[in-house]
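Reviewing the structure listed below.
Only heavy atoms go into these numbers, but all of them, side chains included; no hydrogens, no water, no symmetry mates. Owing to the predicted nature of the structure, the values given are computational and were not obtained by experimental measurement.
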Amino acid sequence: MKIAIDGVFFQMYRTGIARVWRSLLEEWAQSEFVKNIIVLDRVGSAPKFPGINYVTIPPYDYGNTDADREMLQQVCDQEGVNLFISTYYTTPLSTPSVFMAYDMIPEILWADFNQPMWREKHRGIHHASAYISISQNTANDLVKVFPHISPNLVTVAHCGIAQDFIPASLAEIQAFKLQYGITKPYFLLVGIAGIYKNAILFFKAFAQLFSRPGFDIIICTGNRLDFEVDFRSYTSGSIVHLLELTDAELRVAYSGAIALIYPSKYEGFGLPILEALACGCPVITCPNASIPEVAGDATLYVKDDDVDQLTEALCDVQKPKVRQTLIAAGLQQAQKFSWSKMAQTVSEALIKTSLSHLNLKEINLIIFPDWCVPEESLGLELEQVIRAIATHPDKSHITLLIETSNINQEDVNFALSSVAMNLLMQEDLDVTEGPEIYLTGNLSEIQWQFLCTRISARIVLEQENQDAIALFTLAELPICSLSTIPKLSR
């Protein structure tokens, strides 16, 4: 199994999505899953981790998307890729893909879908055979906007938090403030670009504070132009620091702040909230979209259009009892999230998708025929297995897997066709409602490991391929006979 990851986002941006994928790659580089991935590196822009296989490909150009799809398909064919996932809305022509949904902001807030970026996003959604979402809210919005997508095809994988995001010491906070000329207590905002970020709510509320001259404002942004002229009239008498901080500096900025103010109207996840909580920084935010999934009960919530309520929260968050409660709850809430957990969830979703051709159901059974025994003897045993399942009361809920790693598929098809013909001639079996029978083919070790978690039982045969059973340590699978095939729990 080989999964291609198009690192296109690293070519274009260094924002939250880049943090997500950098963290995933770092986690996978330390696991067995690394053997199954190949990073398509756009002109060398992807972060490099030992053990990961990189293939350098041309840069992405929104003005030439058709050619890019052809190029991606060519690379997938050359590298023997079975599954494709992009960091940002690219697709090959035919290789099966998984779509990563970060948010549905354009669809919910009505963006211009004639823009190339959103056209490619929708193309990627329609091309995909499975989906991964970074929050349940984003998953819900995805299937709401694209009703052809079954919720069963969407895996929710919450973002994590780097272990480096921990409360800073008082000495670190003092050094940070001295470095940037911060002499007063400060409120912190992280990323205010975009109307949906709703930063204006904070500035209107801040302007109502009688004590506002006693505070500074720190805005952490990747673009110093993000502080709009409209905001300046609300900060008269206070210093606004526009800072582009490293992760190490951002950790200290969180730790020293009175609070992170995050009045967003929509988030796909809300990573700054999680980072702040992990650093012991109280958070004031709005209970919109995915934010409650991330913040839980560890923040102060205000309505996204209530200036007076936010002004009151700015006062409340300074009270020692309120602060202590929020800090303790925030540190506990942050422990629920980790990049290792996300990496595990995403890798399992990718492996599951690579096995989608097996059409697994509620009851999944597997047999390991010894294809070296005489055809007549093996055929009789296969007939017994298929007859038992075809007459099972839950046959429509059963998938029978036949292990075929050491035999040519044409020979298997011929043998099974003979079995089917014999059954039809011998008795009237109704197979219109199942069972479904699939050949495993050649699976990787990691695919077998995942498949074993979904197999209900191995039907024991008189003549089995013991080498195949031992190779992937499948002897520990539950076993059954033809008379003890599992039934659905009712």
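Other residues, nucleotides and ligands place no more than 12 heavy atoms under 6.0 Å from the CG atom of Asp297. The number of heavy atoms from other shown groups lying within 6.0 Å of NZ (Lys184) is above 12. At most 12 non-hydrogen atoms from other residues, nucleotides or ligands lie less than 6.0 angstrom from CD of Glu312. Residue Gln163 qualifies as open at atom CD: its count of foreign heavy atoms under 6.0 Å is 12 or below.
Side-chain N or O atoms of Thr325 include one that pairs as donor or acceptor with a backbone N or O of Lys321 at under 3.5 Å. Listed for the Thr87 side chain is a donor-acceptor partner under 3.5 Å among the backbone atoms of Val8. Using a distance-only test at 3.5 Å, with no hydrogens or angles considered, no donor-acceptor pair links the side chain of Gln332 to the main chain of Ala328. Side chain of Ser255 to main chain of Pro167: no donor-acceptor pair is present (N/O by atom type, distance under 3.5 Å, no hydrogens or angles). Between the Asn288 side chain and the Ser264 main chain, a donor and an acceptor come within less than 3.5 Å of each other. Arg42 places a side-chain N or O within donor-acceptor distance of the main-chain N or O of Pro58, the cut-off being under 3.5 Å. The closest donor-acceptor contact from the side chain of Glu249 to the backbone of Thr246 lies under 3.5 Å. No donor-acceptor pair under 3.5 Å is formed between the side chain of Asp394 and the backbone N or O of His397. Judged by distance alone, with hydrogens and angles left aside, the side-chain atoms of Asp216 form no donor-acceptor pair with the main-chain N or O of Pro185 at under 3.5 Å. Looking only at distances, a side-chain donor or acceptor of Gln447 sits under 3.5 Å from a matching main-chain atom of Ser444.
Residues Cys315 and Leu209 have side chains in contact (heavy-atom distance under 4.5 Å, counting atoms from C-beta outward). Using a 4.5 Å heavy-atom cutoff, the side chains of Arg19 and Glu275 are in contact. Using a 4.5 Å cut-off on side-chain heavy atoms (C-beta onward), Ser233 and Phe231 make no contact. Taking 4.5 Å as the limit, every side-chain heavy atom of Tyr102 sits out of range of all side-chain heavy atoms of Phe9. Annotation: side chain of Ile218 is not in contact with side chain of Phe187 (no heavy-atom distance under 4.5 Å). You'll find the side chain of Ile261 stays beyond 4.5 Å of the side chain of Leu188, heavy atoms only. By the 4.5 Å heavy-atom criterion applied to side chains, Val317 and Ile258 are counted as neighbours. Put simply, the side chain of Met104 reaches to within 4.5 Å of the side chain of Leu142, judged on heavy atoms.
Summarising the geometry of Ala253 relative to Leu245, their closest heavy-atom pair is CB-CD1, 3.9 Å, with the distance given to 0.1 Å. Closest of all the heavy-atom pairs between Asp68 and Pro59 is OD1-O, 4.4 Å. The heavy-atom pair separating Ser456 from Ile363 by the smallest distance is OG-CA, 3.5 Å. The two residues Gln73 and Pro92 have their closest heavy-atom pair at OE1-CB, 3.4 Å. The minimum heavy-atom distance between Lys121 and Pro106, with the atom names listed, is NZ-CD, 4.0 Å. In terms of heavy-atom proximity, Thr91 sits nearest to Leu72 at O-CD1, 3.6 Å.
A ring-centre distance under 6.0 Å is not found for Tyr180 and His241. Taking the ring centroids of Tyr266 and Tyr196, they lie at or beyond the 6.0 Å cut-off. Annotation: Phe33 is in aromatic contact with Trp28 [ring centroid separation under 6.0 Å].
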Inset, instruction - Kindly determine whether Leu331 and Leu277 satisfy side chain to side chain contact (heavy atoms under 4.5 Å, CB included), including the steps that lead there. - result: CA-CA 6 Å; Leu331 292 172; Leu277 296 179; over 6 Å; no

Legend entry - Pair Asp141-Lys144, side chain to side chain contact (heavy atoms under 4.5 Å, CB included): steps then yes or no: CA-CA 5 Å; Asp141 286 344; Lys144 184 189 305 179; 3.6 Å; yes

Inset, instruction - I would like to know whether Tyr262 and Lys197 meet side-chain hydrogen bond (donor to acceptor under 3.5 Å, both in side chains); could you show each step before the answer? - result: CA-CA 8 Å; Tyr262 208 80; Lys197 290 293 187 181; 3.0 Å; yes

Inset, instruction - Evaluate side chain to side chain contact (heavy atoms under 4.5 Å, CB included) for Glu26 paired with Trp339, printing each intermediate quantity in order. - result: CA-CA 9 Å; Glu26 186 174 12; Trp339 290 121; over 6 Å; no

Inset, instruction - Walk me through it: do Leu365 and Thr399 pass the test side chain to side chain contact (heavy atoms under 4.5 Å, CB included)? - result: CA-CA 6 Å; Leu365 307 171; Thr399 290; over 6 Å; no

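Note that the NZ atom of Lys341 and the CD atom of Glu27 stand 12.5 Å from one another [nearest 0.5 Å]. Summarising the geometry, atom CD1 belonging to Ile37 is positioned 10.5 Å from atom CD1 belonging to Ile85; distances are rounded to the nearest 0.5 Å. Going from atom CG of Asp61 over to atom CD of Gln11 covers 9.0 Å, rounded to the nearest 0.5 Å. How far CG of Leu355 is from OG1 of Thr353: 8.5 Å, rounded to the nearest 0.5 Å. Rounded to the nearest 0.5 Å, atoms CD1 (Ile17) and OG1 (Thr15) are 6.0 Å apart. The distance from atom CZ of Phe202 to atom CG of Leu260, rounded to the nearest 0.5 Å, is 10.5 Å.
Side-chain atoms of Gln208 and Thr311 form a donor-acceptor pair, as typed in the model, at a separation below 3.5 Å. In this model, a donor atom of one side chain and an acceptor atom of the other lie less than 3.5 Å apart for Asp6 and Thr90. Between the side chains of Glu172 and Ser169, at least one donor N or O sits under 3.5 Å from an acceptor N or O. If you check the side chains of Tyr186 and Lys177, you find no donor sitting under 3.5 Å from an acceptor. Between the side chains of Thr138 and Ser135, at least one donor N or O sits under 3.5 Å from an acceptor N or O. For the residue pair Ser290/Gln136, the side-chain donor-acceptor check at 3.5 Å is not satisfied. Between the side chains of Glu348 and Gln344, at least one donor N or O lies within less than 3.5 Å of an accepting N or O. His127 and Ser97 form a side-chain donor-acceptor contact under 3.5 Å, judged by distance and modelled atom types alone.
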Going by atom type alone, with no hydrogens or angles, which donor-acceptor pairs under 3.5 Å involve a side-chain atom of residues 145-161 and a protein atom two or more places apart or on another chain?
| from | atom 1 | to | atom 2 | distance (Å) |
| --- | --- | --- | --- | --- |
| Ser150 | OG | Asn152 | N | 3.2 |
| His158 | NE2 | Glu293 | OE1 | 2.8 |

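A perpendicular orientation is assigned to the rings of Tyr62 and Tyr60, their planes being inclined by more than 60° (bins at 30° and 60°). In this pair, Phe215 and Phe206 present their aromatic rings perpendicular. The plane angle is above 60°, beyond the 30 to 60° band.
In this structure, Glu362 does not pair ionically with Lys487, as no charged nitrogen and carboxylate oxygen lie closer than 4.0 Å. Lys265 has no carboxylate O lying under 4.0 Å from a charged side-chain N of Asp305, or vice versa, which leaves the two without a salt bridge.
Lys48 forms a cation-pi arrangement with Tyr54, by the criterion of a distance under 6.0 Å to the ring centre and an angle within 45° of the ring axis.
Tested against Glu79 for a side chain to side chain contact (heavy atoms under 4.5 Å, CB included), the candidates Asp77, Val81, Asn82 yield a single pass: Val81.
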